[in-house]
There are 2 protein chains.
Amino acid sequence: MKKEATYFGVKEIARRANVSIATVDRVLHNRSGVSEKTKKKINDIITELDYQPNILASRLASKKIISLAVLIPRVSEETDFWEAPLRGISRAEAEIRKYGIQVSEHFFDLNDKHSFETQAQLVLGSDVQGVLLSPTFLDESRDFLQKCHDRKIPFVLIDSDVPDLDRLCYIGPHLFQSGYVGAKLLTYRLKENHKVLVLNISQEADSYNFMQIEEGFRAYFSDHQQPCEIIRSDISHTDPLSITRDLTRILHEHSDLEAIFVTNSRVFAVAAFLKKAARTDISLIGYDFLKQNITYLKEGLIDFLICHKPEEQGYRGMMALYQKLVLGATIEKVHFMPIDIITKENQAFYQN
Amino acid sequence: MKKEATYFGVKEIARRANVSIATVDRVLHNRSGVSEKTKKKINDIITELDYQPNILASRLASKKIISLAVLIPRVSEETDFWEAPLRGISRAEAEIRKYGIQVSEHFFDLNDKHSFETQAQLVLGSDVQGVLLSPTFLDESRDFLQKCHDRKIPFVLIDSDVPDLDRLCYIGPHLFQSGYVGAKLLTYRLKENHKVLVLNISQEADSYNFMQIEEGFRAYFSDHQQPCEIIRSDISHTDPLSITRDLTRILHEHSDLEAIFVTNSRVFAVAAFLKKAARTDISLIGYDFLKQNITYLKEGLIDFLICHKPEEQGYRGMMALYQKLVLGATIEKVHFMPIDIITKENQAFYQN
DNA sequence: CTGAAAGCGCTTACAG
DNA sequence: CTGAAAGCGCTTACAG
């Protein structure tokens with residue numbers, strides 16, 4: 001029971017090229033100090049042998065450590081959405097730590113742009129070779145990412161995209177299509193009035209996320225020529241009291257509302273309100289597999305949750321950096337997450 | 001940039017125990033030939049240091065190869081469902097090959113129990129240390145697995161379970177709940193008659209899979225006291241002609257059918273029939289992300305597909321064996337797959 | 001029952 | 001521009 005004897009390693013390459021393995025190593029890593037002639041000879045042999053480096057041996061022998069920085073929102077009292085990506089990040093971290101990779105985690109406050117800038121500064125101050133970022137604050141993120149770009153630090157975006165930047169990759173939802181799915185699901189619940197509310201509960205009222213989702217949502221109805229009155233509303237103060245106040249007003253103005261589509265994870269706040277207000281006749285759709293959302297889903301107050309595998313976003317984001325930096329792999333520029341549909345019936349087996 | 005100096009390896013253990021690293025290695029792998037006293041001393045130090053072996057170094061140094069066998073249905077003309085698990089298996093294989101793991105793949109014919117037995121014999125004849133199996137043929141699988149058990153070969157089941165066996169783990173759907181979800185989805189499409197057909201297109205009419213799914217399906221209606229007439233029917237000849245003939249008869253008998261729930265991936269055959277018969281008024285739900293199914297989903301002939309991540313089942317199944325055999329990890333006895341809901345709108349981003 | 005030594009396929013100073 | 005040698009943290013004969 002021996003490993004296949006057909007494995008060709010640096011030793012064999014060196015033998016065939018009549019050089020030492022040190023020289024082979026230089027060529028393998030594009031290090032300088034090799035004559036063009038030797039280089040070509042070695043590269044030819046590498047191609048011929050279809051040489052696959054043994055990563056285990058490589059990482060074992062190397063004493064270099066690679067440090068990555070993570071920059072995402074802090075888990076807050078208002079929403080624990082960011083728990084999931086963080087879980088994925090930690091899982092990836094545990095897996096790649098043994099390859100000599102170190103991760104520093106930086107958290108900012110969703111309600112405080114300044115905290116983002118502070119953390120971004122910290123990241124730039126430390127000597128990192130890769131960055132994972134949620135570009136929640138668009139302008140501030142651009143500044144930061146421009147600096148990363150200047151320093152040739154590759155970065156991965158999760159949760160939402162900034163398409164015009166030269167990112168290593170984006171891992172997250174196709175927001176437009178996600179809104180489209182939301183609209184479709186909502187039609188299952190529509191009865192006579194066909195009057196629905198699109199609700200954005202967030203400090204960033206004009207966020208790219210929200211606009212994309214709403215566009216997709218509206219597109220569904222225009223594509224299908226379904227008559228439907230769509231009201232939209234922003235709730236930019238995200239504390240429970242403000243939400244209650246605003247919702248009371250909206251429902252007063254539009255008492256014949258049939259359904260509400262919440263464009264992010266704060267749908268539980270709406271569910272809580274509807275429950276208290278005894279308006280369980282209103283259908284409710286929103287985002288994300290949060291404990292609070294699941295509770296209302298089970299109670300039947302929320303009809304559907306849409307989810308984009310936030311844990312996997314974190315995990316894959318880290319692995320993309322690892323694959324790029326350690327294995328030198330080519331990374332797909334965009335990796336859209338599935339648009340998962342969660343109901344009371346299938347929630348028990350959902351994997352974030 | 002050095003790796004943390006705080007890593008304790010066999011060398012440090014040996015130093016502290018005043019023995020050689022060979023002796024430490026013996027204790028680490030429960031090999032014989034170490035005095036109880038030394039053994040205890042070493043084990044204490046291992047505990048104290050919370051020693052984590054470096055798998056990279058371990059696999060690099062070891063020349064042992066571990067061979068695993070896969071025993072699943074062949075991709076047939078009738079359905080290419082098994083393409084997906086095989087993809088997952090190959091992906092896992094590529095990942096763990098470098099750790100000295102070899103995989104032999106064995107395929108049997110879904111319409112031929114004998115071919116299963118032939119392949120099972122082959123597996124038992126080769127010297128394997130782990131098995132991945134789809135227990136499609138229940139009795140024959142039992143025989144085979146009993147022999148594996150006698151030889152202390154761990155095995156993983158995917159796609160469907162045989163709960164009373166001492167398997168390493170089961171990775172697949174919770175069938176009952178999956179049927180329950182199917183029923184729920186179906187109610188979105190029900191209008192007046194509330195008359196539905198449960199259809200099992202398979203040679204194995206009495207299969208465990210089918211019965212579990214149907215039970216879940218029926219349970220939904222009884223749980224919700226929804227009046228619904230449920231017809232059930234088996235089509236045991238799975239060629240297109242037989243299916244057409246049987247469906248023609250059924251629709252003739254029950255012209256007021258509102259919906260059909262197909263309990264496996266052969267829903268495309270029903271969709272093709274309904275299309276030809278111009279019975280697009282009938283709602284259709286079935287299983288699995290097959291190319292043919294997706295085509296009909298896009299056309300609107302199929303309303304929902306339920307899917308249990310077959311590719312991931314294959315991948316995880318292999319990784320479970322790897323983790324058990326190479327890393328000595330403890331494996332969860334059951335890993336239920338999510339019950340994914342696929343519609344025309346979200347299919348583009350689905351990940352098998 | 002125990003240990004010294006070679007080796008897995010790489011990387012890394014160091015010397016020339 | 002190039003090579004000899006040590007070493008990464010383990011495993012494996014082999015010798016005693």
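Values below: every heavy atom of this structure, side chains too, minus hydrogens, waters and symmetry copies. Throughout, protein chains are lettered first and strands after them, A, B, ... in sequence-line order, and every chain is numbered starting at 1.
The closest side-chain heavy-atom distance from A/Leu68 to A/Val131 is not below 4.5 Å. By the 4.5 Å heavy-atom criterion applied to side chains, B/Ile331 and B/Gln323 are counted as neighbours.
With sequence neighbours excluded, the residues that form a ring-ring contact (aromatic ring centres under 6.0 Å, His included) with A/Phe289 are A/Tyr350. A/Phe155 is linked by a ring-ring contact (aromatic ring centres under 6.0 Å, His included) to nothing, counting only residues two or more places apart in sequence or in another chain. Applying the ring-ring contact (aromatic ring centres under 6.0 Å, His included) criterion to B/Phe349, with sequence neighbours excluded, gives A/His174, A/Phe336.
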Inset, instruction - Treat a base pair as Watson-Crick or G-U wobble with both distances under 3.5 Å, then lay out DNA chain C in dot-bracket form, 5' to 3', with | for cross-strand pairs. - result: |||.||||||||.|||
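Of all nucleotides listed (D/dT12, C/dC1, D/dT2), C/dC1 comes nearest to the side chain of B/Thr38. Distances from the side chain of A/Thr23 to the nucleotides D/dG3, D/dC10, C/dG9 place D/dG3 closest. Distance from the side chain of A/Ser20 is smallest for D/dA4 among the nucleotides D/dA4, C/dC10, C/dA4. Listed nucleotides: D/dG3, C/dG9, C/dG7. Nearest to the side chain of A/Val19: D/dG3. Of the candidates D/dC10, D/dT12, C/dT12, the closest approach to any side-chain atom of B/Ser58 belongs to D/dC10. Closest contact between the side chain of B/Leu60 and the listed nucleotides C/dG3, D/dG9, D/dC10 involves D/dG9. When the nucleotides C/dC1, C/dG3, D/dG9 are ranked by their closest atom to the side chain of B/Ser35, C/dC1 comes out on top.
Within the nucleic acid shown, A/Gly33 comes within 4.0 Å of at least one base atom, counting heavy atoms only.
Listed by residue number, B/Val10, B/Lys11 are the residues of residues 10-17 of chain B with a heavy-atom contact under 4.0 Å to DNA chain D.
B/Arg16 forms a cation-pi arrangement with B/Phe8, by the criterion of a distance under 6.0 Å to the ring centre and an angle within 45° of the ring axis.
Each of B/Ala57 and B/Ser32 has a nearest nucleotide on DNA chain C; the 5'-most of these lies closest to B/Ser32.
In this entry the distance linking CD1 of A/Ile42 with C1' of D/dG3 reads 12 Å, nearest Å. Distance CG (B/Asn18) to P (C/dT2): 12 Å, rounded to an integer number of Å. As rounded to whole Å, 11 Å separates atom P of C/dC10 from atom CG of A/Leu49. A straight line from CZ of A/Phe8 to C1' of C/dC8 spans 17 Å, rounded to a whole angstrom. Atom NZ of B/Lys41 and atom C1' of C/dC1 are 13 Å apart (whole Å). In this structure, A/Asn54 places its CG atom 18 Å from P of C/dG7, rounding to the nearest Å. Per the geometry, CG belonging to A/Leu28 stands 12 Å off P belonging to C/dT12, to the nearest Å. Per the geometry, CD1 belonging to A/Ile21 stands 13 Å off C1' belonging to D/dT2, to the nearest Å.
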Which atom pairs link the protein and nucleotides 14-16 of chain D when you take only N or O atoms and keep those under 3.5 Å?
none

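One side chain, A/Asp50 or A/Gln52, offers a donor N or O that lies under 3.5 Å from an acceptor on the other. Looking only at atom types and distance, the side chain of B/His335 has no donor-acceptor partner in the side chain of B/Glu312 under 3.5 Å away.
Of the candidates A/Glu93, A/Glu95, A/Lys309, A/Tyr315 forms a side-chain hydrogen bond (donor to acceptor under 3.5 Å, both in side chains) with just one, namely A/Glu95.
Ring geometry, A/Phe144 versus A/Phe116: the interplanar angle exceeds 60°, so the pair is classed perpendicular (tilted spans 30 to 60°).
In this structure, A/Lys39 does not pair ionically with A/Asp44, as no charged nitrogen and carboxylate oxygen lie closer than 4.0 Å.
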